[in-house]
Amino acid sequence: MSPPAAEVPYGTLDLMVLKTLASMGAQHGYGIARRIEQVSNGALALNQGTIYPALLRLEQKGWISSEFGTSENNRRARFYSITKAGRKQLDAEAALWTRTVDMMARMLEPEK
Amino acid sequence: MTALRVWIMRLVGTLTGRRREDELREELETHLALLADEHRRRGLSDAEARLAARRELGGVDQTRESFRDARGLPSLDAWLQDARFAFRALRRERATTLTALALLTVGVGSTVVLADVLDRLLLRPPAHVDDPSRVRRIYTGTEGKAASRLSTNYVTMVRLAEGLKREVEALATYANERIGSGHGADAGRFEAVAFSENYFDVLGVPAALGSLPSARTRSNPGAVVISHALWQQRFGGAPDVLGRALRLGQRAYTVVAVLPRGFAGIDDDPVDVWVPLESRRTDAEWRTGVHYFGLLPIVRLRSGVDRASAEAHATQVYNVVQRIDRPAGSDKDAQIVFGALPPAQAPSSGHQTRVLEAVAAVSALVLLMACGNVANLLILAGLRRTSELSLKAALGASRGRLLRELLLQAAMLAAAAGTAALVIVLTLGALVRRTFLPPLAATMVPLDGRLVGLTIAICAGVALILGIVPAIRLSSLRTLVPGRTRLGRVPSPLLDTFVAFQVALSVPLVVGTVLFVVSFWRISQVDLGFEPGRVIALRADMSDDGRPAEAHDAHRRIQARLAGLPGVASIALAQSMPLQYGYATWFEVPDYQYGPGGHSMPFVNGVDPAFLSVMGMRVIAGRGFSEADNRPGAPKVAIVNEAMARKYWPAVSPIGRCIKLATQECDTRIIGVVAKASAFAHLREEFNEIAGQFFVPIERFKELNGDRVLLVRTAGDPRPMLSRLRSEAQVAGADLPYVDARLLAEPIESQVRPLRLGWSIFLGLSALALVIAIAGLVVVTAHGVTRRTREMGIRLVLGAKPGDLVRLMARRTIVAMVIGLAAGTALAFSGAGLLRSVLFGIEPGDPRVFAAAVATLFVVGALAAYIPARRTGRIDPSAALRIE
């Protein structure tokens, strides 16, 4: 069950997905993956397949919901969107993440 | 909250898995197509674009795999998968599975059936009784003697209730009666309870219809409460049954209530009607007189009352009451016991209880043997699957996972056997219940929750026992390294242990069977001085019909009707029913020195001359009655039994001596002595003083006792004739009340029943056990032969004689068997002592019994080992060497 993509820090993929959906609205899996890659500016080598188990987990938790629609190349695709609970979770996680980063930055500051 | 939601979603996912995975495939395809489009736009060729898309998406299979993990409950998925594997394995090994199933069904089935019997007889209180643990029967006994049911009178009951106010909420008495109704061909009979006011208050049974008589309401002597069954049969379940009339005996009653279905009284026979005691007592003094008996008390203890202290207080009160009422009575203090409601829990019904306990223990042994044997079969089946299991292990299946599959297999077997066992309880169990249980217990609900629960518990135990076997095998890792395993290297000692185990468990069964069979045979050989086995007693209760004076003529009319019917060998009229009632009257032997405590009077019975031959009594001195003796005005004569002769004329022959019978004149001469012929047939007790009785001609002593009974000796088995004789007798007169017909031997039968129960169930179970043990021995030996075929081939080539090899093969099983026999003998020896009080004419430790049992088992077991071993002698060395 652990994400095989070691390139993505553990536990951050869910947060990225939530953030993507929060800022871009309903998206299919491909769109989400593209967006994450764009935002990371090539710094993240995402194994795009890993997004699907993550989407399923988020849906099971009730943070995102999905429905079928038609993609830009006229194929049936599942479109995911963030739920109210998902937004709350995103806010909480983002705050936690910021705190963690600040703390780590202070820890790692070169001593004088 | 979220965790629960996820779990539920996953559970749904497990069940709808296929569809969701199809959707994922579609999603991934879309994803690939979109990626490929992107790459094409960047200028890649079609093929390159698709390749790049695949690379970027990563392994589709891994994605689907991790998706699947997240989709359902992985553990549940794995369980279902393992269950499928286990089921397939069972299906593949069909012969093993069926054998295992049969063995387990027999084991579980017999255990559950017997548990059911025990439960009904000993544990389960009558249905609908409120808080039954507080309802108690009263028993009384003196120091060192088993307590028997207290049978008392109304006034004693009232005084007891007053004295025990602190401990007892309500105290009631009742009498079981049979009340006839109608005459001639229309005559019928009801099983009745005559109850005191408190009866239903003590039991706390709710009414299905109407309201039950209670001490709190005004008593109505004409009220009758009917059973649910009678309501259905006689009133067709009519809802307006309340207020209808029902004629019982000489009295018309009004139905005031119907009891709920499933409650039919608290004793052995199902009751039809409940009537107030006062409606059945014609004597004006029955409420106040102290010389009455026959009322059975029951009490409801107050909640929280300690039974032992209540008993101690009741004992005090009872003895005080007794000393007031019966100053000349026994000077020994009686002990009061508050016994539980199920009749078989009576302190005195110890024999039956003991036998049932033994039977339950033994059926558990059979279950264990069946388990052992199935475990055995599963090991062998497992050996055949070794390579499969090794392969699975090599592919990464953990040992836990493999163990789980094997456990599931055992659980499936156990569940199937449990289901079959419940079916057996419902079908075959009914036969067992009818044969061994009193009618009331036999008709209780066929299957209740506790029995199902017990079955499930037994099956869980079985699955666990069977699961330990694969656990033992898997505990050595080497077994699972492919290529390392060789058929039979591992579990031979284990198989031998099973052989020993099964043989050991069969020893107590066979020993028990022999003990019971011998006891039963000895007890049926007891010489009572008469042979009641083929005698039917017929009696029309003329006193209950209000015409006691007509009893003599009525029975003579029945006699005339029955005489000469096919199957009737001889008939005699008597005053009291032998073995059931005794009648004693004023009697004196001149010059006899009576002891200080008065004396117990012998019973006297007026009989026809044919009585001695009907009963099968033997005249050992003097002569029997002649027709001339049996006439009004003839000289008075009597025949005494041995006990009486010994007591009153210890030094001389009683023949020609006179006795005073109901008169001051010594004018009745003794003309003969019959062997034994005790008044009561206590098979287990030596002759005693109270057993004295004598006989006089009925026509000469017509007035001695007004009661009458007809005794019919049949030419063959009396059972099939019982109802025919009854209906013939019934139509002998249009004015006859209901004629009761019963086997005279009933009271003897009830003493023999525990032994009959013991020997028949033990015999059945040990037959089962023998079959199971033989099957085990055959399978193990045959397996050994197969396993060592190659070795035997080499031995043959090197010059061994076939006969030696057969002995070699059989020896291993036989050694295991001998060890088992030794252990089993020790087990049986310690267990047999528990049966001491039940057995008759044989010591539980009798060495001959043990020798016979061990010898039988040895011969049977040696044969079971030898027959498959014989195959060794026929091994073709060249073929054997090519094996593997």
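Numbers restart at 1 for each chain; the letters A, B, ... are given by sequence-line order, proteins then strands.
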Taking side chain as everything from C-beta outward and backbone as N, CA, C, O, which of these in A:Ala33 sits under 4.5 Å from a heavy atom of chain B? Side chain, backbone, both or neither. side chain
Spatial distance of atom NE2 (B:His31) from atom CD1 (A:Ile32) [nearest 0.5 Å]: 10.0 Å
When A:Ala54, A:Gly29, A:Gly31, A:Gly62 are compared by non-hydrogen pairs under 4.5 Å with chain B, the top option: A:Gly62
Determine whether B:Glu38 and A:Arg34 satisfy the following criterion, salt bridge (Lys or Arg N to Asp or Glu O under 4.0 Å), listing intermediate values before the conclusion. CA-CA 10 Å; B:Glu38 171 79 21; A:Arg34 283 298 308 239; 2.9 Å; yes
Are more than 12 heavy atoms from other residues, nucleotides or ligands located less than 6.0 Å from atom CZ of B:Phe87? no
Rounded to the nearest 0.5 Å, the CD atom of B:Glu23 sits from the OG atom of A:Ser66 at a distance of 8.0 Å
So A:Glu37 and B:Glu56, do their side chains get closer than 4.5 Å, heavy atoms only? yes
Would the number of heavy atoms belonging to other residues, nucleotides or ligands and lying under 6.0 Å from CZ of B:Arg94 be above 12? no
Is there a side-chain contact between A:His28 and B:Leu34, using heavy atoms and a 4.5 Å cut-off? yes
Is it true that A:Arg75 and B:Glu26 make a salt bridge, defined as a side-chain N closer than 4.0 Å to a carboxylate O? no
Measuring heavy-atom distances to chain A, does B:Ile8 have an atom under 4.5 Å in its side chain, in its backbone, in both, or in neither? neither
Side chains of A:Tyr30 and B:Thr30, heavy atoms from C-beta outward: is any pair under 4.5 Å? no
